[in-house]
Structure formats: C-alpha cells, structure tokens
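Heads up, the thing below is written out as structure tokens.
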There are 2 protein chains.
Amino acid sequence: MHIFYTPDITQNTYTLNEEESKHCVRVLRLTVGSIVNLVDGNGGFYTAEITSDNPKKVTLAILKVETEFHKRNHYLHIAVAPTKNIDRLEWFLEKATELGIDEITPIITDRSERRVVKEDRLNKVITSAVKQSIKAYHPKLNDAISFDAFLKEPFEGEKLIAHCIDQGEKQFISKLVSPYQKYLILIGPEGDFTPEEVNLALNKGFKALTLGDNRLRTETAALAVCFEINYLNR
Amino acid sequence: MHIFYTPDITQNTYTLNEEESKHCVRVLRLTVGSIVNLVDGNGGFYTAEITSDNPKKVTLAILKVETEFHKRNHYLHIAVAPTKNIDRLEWFLEKATELGIDEITPIITDRSERRVVKEDRLNKVITSAVKQSIKAYHPKLNDAISFDAFLKEPFEGEKLIAHCIDQGEKQFISKLVSPYQKYLILIGPEGDFTPEEVNLALNKGFKALTLGDNRLRTETAALAVCFEINYLNR
C-alpha cells in the first residue's frame with residue numbers, strides 16, 4: 001500500500017507536488033492506472049488512481065473516500081519538555097504517532113537544557129510516521145511554549161502530571177482517569193520539574209501520576225503514558 | 001547517584017577497570033571518600049566508598065549490600081527479528097531495559113533482511129540502560145538464532161506470537177495470559193512472519209496476540225508487548 005499525505009485535498013482529483021511526484025514515479029515506479037492511497041490528516045482516507053505519471057506532476061483521480069477513518073475514541077494531548085538530544089524527542093513523536101496521540105506541545109521548563117525546537121523538522125517526523133502507520137489523522141504539534149504560559153491555557157478534561165519528586169500522593173493513571181475522555185499529561189525534562197512547577201500544576205487541578213518504580217528517561221515516560229492511555233481506552 | 005556495573009564483584013572490596021576508573025576520576029571528578037553504587041546484574045545493589053582515586057585503578061570498599069534489589073515478579077523473554085536499521089533494535093533494547101525485561105533473543109526469520117547482529121554492541125546498549133535506570137538485574141541477551149532452531153528450544157511458560165497475517169483468531173495479551181508467570185513472545189521482522197512460520201509456532205503451542213488496529217513497526221510492537229506484560233504484572 002502506497003500512502004501519500006495530502007492535507008490540502010478538496011476535489012475528486014489531486015496533483016502530487018514535485019517531490020512526491022518524483023518519489024511516486026522514480027522510486028515507487030508507479031505508472032498510469034496504479035492505485036495509491038491518500039490521507040488528509042483530518043480523518044479522510046482516499047483510494048486514488050494515477051491518471052498521469054509525469055515525474056514532476058503526478059495527477060490522481062479519487063475513486064473512493066472514507067471519512068473518520070479509524071477515528072479515535074479519546075483525545076490525548078501530551079506536553080513534554082524537549083530532550084537535550086533531540087533524537088530522543090523525535091523517537092517519541094514517531095512512536096506516539098504509531099501508538100496513537102492527538103496533540104503534542106513542547107514545554108520549556110525551569111530545568112530544560114534545550115529551550116528551542118525546530119517544529120518543522122519535528123512535524124516531518126510525525127508526517128512520516130502517519131504515512132508509515134497509515135493514520136488518517138495527523139497529530140497536532142504546537143509551537144514550544146514556556147511551562148508557566150502553557151498552564152495558563154484552558155483545557156477541558158483530565159489533567160495529569162508525571163514527576164519524580166518525593167512529594168505528595170501519586171497514583172497509577174488507571175486510578176486517576178476514566179476512559180473516553182480528553183487527557184492532558186505533563187512530562188518533565190531530564191532534570192525533572194521543580195517543586196514549584198509541580199505545585200503550580202497541582203494548584204491548577206493537575207493530579208500526580210506514577211508509572212511505577214522504574215526510573216524512566218523523559219521520552220520513555222512520555223511513551224509509557226501514551227501506551228497506558230491508549231490501553232485504558234481499548 | 002553514580003552507578004557502576006560490576007558483574008564480577010565477589011568480595012567486600014572492588015577495583016574498577018581502567019576505563020571506568022578514568023571515567024570515575026576524570027569525568028565524574030570523584031575522590032577518596034566519595035560514595036558510589038554498584039550493580040552486579042544479578043540483583044545485587046551495593047553502596048561503596050572510594051578508597052583510592054588512582055585514575056587507572058580506583059579501589060572501592062563495599063559499605064552495604066542489598067540482594068534481589070527491585071526483583072521482578074514475572075519473567076519476560078522477547079524473541080525479536082533484528083530490524084534492518086540496527087538503531088531501531090538498539091532503541092528497543094534501551095527502552096525495554098528501562099521498562100523491565102529479562103531476556104532477549106534475536107531471531108532470524110524467513111523474511112529477515114538483517115541476518116547478523118553484533119551482540120557485544122547490543123549488550124553495551126543494555127548495560128548503559130541498566131546503569132542509567134538503576135537496574136540491579138541485567139537483561140540477558142542471547143546470540144542470534146534461526147526461527148526454526150529457536151522453536152525447538154524448550155520453554156516453560158506462556159508462549160505468544162505477534163503477527164499481522166489475517167489468519168486465525170487473535171486476542172489481546174490480557175485475554176491470553178495470567179500475571180506472575182514466565183512469558184515468551186515472538187515479534188517478526190519488517191515483512192512479518194511467513195504463514196508457515198506462524199503455523200509452526202501455533203503448532204508448538206504459541207497463541208496469537210493482537211496489539212490493536214495500529215500498524216506498528218517491529219521495534220514498536222516489541223516495546224508495546226513489553227509495556228503490556230509489565231502493566232499486567234503491576
């Protein structure tokens with residue numbers, strides 16, 4: 001199955017851009033009459049036929065449209081401090097996209113060593129995982145934002161924070177949330193959140209979660225949370 | 001906390017090898033009297049004091065020994081086809097070590113593009129994750145073995161296989177196994193197991209599992225299985 005990501009599709013025909021046209025004809029060696037699939041990132045899954053295999057401008061005729069393709073039964077937003085080594089965040093984005101996630105926000109915290117991320121590059125990682133794992137919905141990546149500013153934004157749903165500070169009660173996610181909800185979960189940097197940041201979140205109505213005894217890296221904790229929320233919503 | 005991996009520890013003193021001595025003195029800048037921790041990979045967690053900070057030969061006096069440190073309540077053996085891009089297998093080994101795994105066997109299947117792995121290098125990845133996540137038990141990495149030969153080896157416990165072939169009944173792991181057991185789970189290569197390999201496993205008493213609708217990469221499927229088994233054994 002050959003998948004193309006076509007967020008701007010509006011009609012019953014579509015023209016691939018030059019890069020994808022080249023990939024389609026030169027790499028995949030597809031020709032007129034070949035069947036491909038398109039995802040628009042918004043739940044649309046299309047079956048299309050190649051009507052012109054011009055390597056600079058491949059045109060497609062849409063044969064079939066499915067909407068709300070594999071629509072998720074919950075909404076997961078993970079706000080995670082970017083890892084010092086950006087590869088680790090990119091791994092998380094790829095894996096979370098495969099397992100199922102709806103929104104990601106890079107948050108810059110007090111102890112964040114990395115304070116800048118290239119959203120374009122991170123979005124490419126997500127898009128590539130969307131195509132590879134055949135997702136009709138494209139996870140939304142927000143611009144990086146400071147922890148304090150992020151907590152000022154409204155969120156309707158279950159709000160959790162993962163931290164390693166030996167302070168206050170923590171519970172497993174399964175004890176804190178019910179299925180089929182909207183979830184927002186905060187994951188700290190390598191050096192963890194500061195006690196002040198944790199208190200700020202708790203005062204904003206976030207509940208503290210535990211992932212067990214394991215000492216997990218930032219991206220592993222974020223992926224563990226992603227797995228657990230999806231597991232609870234099966 | 002500074003952790004050193006010391007599988008050969010036998011007495012109440014220990015001498016770090018040249019590489020670790022150098023790391024200890026030149027990088028960590030530790031001196032006589034500094035307290036460090038040692039893990040022997042077999043459940044032993046040691047607290048030790050530096051008695052000589054010779055950068056070629058650091059000597060330690062063991063102050064305290066804890067055995068069966070964070071002993072796991074189940075045994076998880078994952079046999080996985082090495083990924084074409086070895087980074088993906090290394091990423092799995094690191095993450096599985098953080099989350100909890102006991103034994104890994106690289107299996108060479110019919111459709112494996114990669115038929116050779118460097119166990120030494122993979123073991124270094126595991127050891128590094130053992131230290132980073134403070135594990136007193138070192139997961140066992142077996143030499144790569146052919147799928148057929150592996151299935152001939154005896155295993156007492158719950159046996160599962162993950163495959164994407166649209167054949168036969170599949171169930172979630174939670175429906176197939178009970179907690180606190182020994183588990184052996186097979187994960188196929190990028191191109192999946194062949195129907196013959198799946199049948200061979202089923203005839204050997206393996207049960208087919210599903211991880212849900214997501215199309216997961218080999219290393220993601222292996223990690224999802226690791227998450228799920230640990231989750232069921234909390």
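We use all heavy atoms of the structure for the numbers below, so side chains are in, but hydrogens, waters and symmetry mates are not. Please read all numbers here as calculations on a predicted model, not as lab measurements. In the text below, chain A, chain B and the rest are named by the order of the sequence lines, each starting its count at 1.
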| task | Hey, could you give me the CG/CG distance between Leu176(B) and Leu209(B), rounded to the nearest 0.5 Å? | result |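 Between Leu176(B) CG and Leu209(B) CG, I get 7.0 Å after rounding to 0.5 Å.
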| field | Lys/Arg cation over aromatic Phe172(B): Arg234(A), 6.0 Å, 45° cone | value |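 Ring-cation test returns yes.
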| request: In plain terms, say whether Lys95(A) and Glu219(A) are close enough for a salt bridge, that is, a side-chain N and a carboxylate O under 4.0 Å apart. | output: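 No, this pair does not count.
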Of the backbone (N, CA, C, O) and the side chain (C-beta and beyond), which part of [X] lies under 4.5 Å from a heavy atom of chain A, both, or neither?
| X | result |
| --- | --- |
| Tyr231(B) | side chain |
| Glu228(B) | both |
| Glu94(B) | side chain |
| Leu99(B) | both |

| query | So which part of Arg88(A) gets closer than 4.5 Å to some heavy atom of chain B, the side chain, the backbone, both or neither? | reply |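 Interface part for Arg88(A): side chain.
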| task | Can you spot which of Ile101(A), Asp102(A), Ile104(A), Thr105(A) makes a side chain to side chain contact (heavy atoms under 4.5 Å, CB included) with His77(A)? | result |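 Checked Ile101(A), Asp102(A), Ile104(A), Thr105(A) against His77(A); only one passes side chain to side chain contact (heavy atoms under 4.5 Å, CB included): Thr105(A).
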| task | Let me see the working for Lys131(B) and Glu20(B) under salt bridge (Lys or Arg N to Asp or Glu O under 4.0 Å), right down to the final yes or no. | result | CA-CA 13 Å; Lys131(B) 292 195 283 185; Glu20(B) 289 206 304; 3.5 Å; yes
| message | Heavy-atom pairs under 4.5 Å with chain B - which of Gly100(A), Ala129(A), Ser174(A), Ala224(A) has more of them than the others? | response |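 Max contact count across the listed options: Ala224(A).
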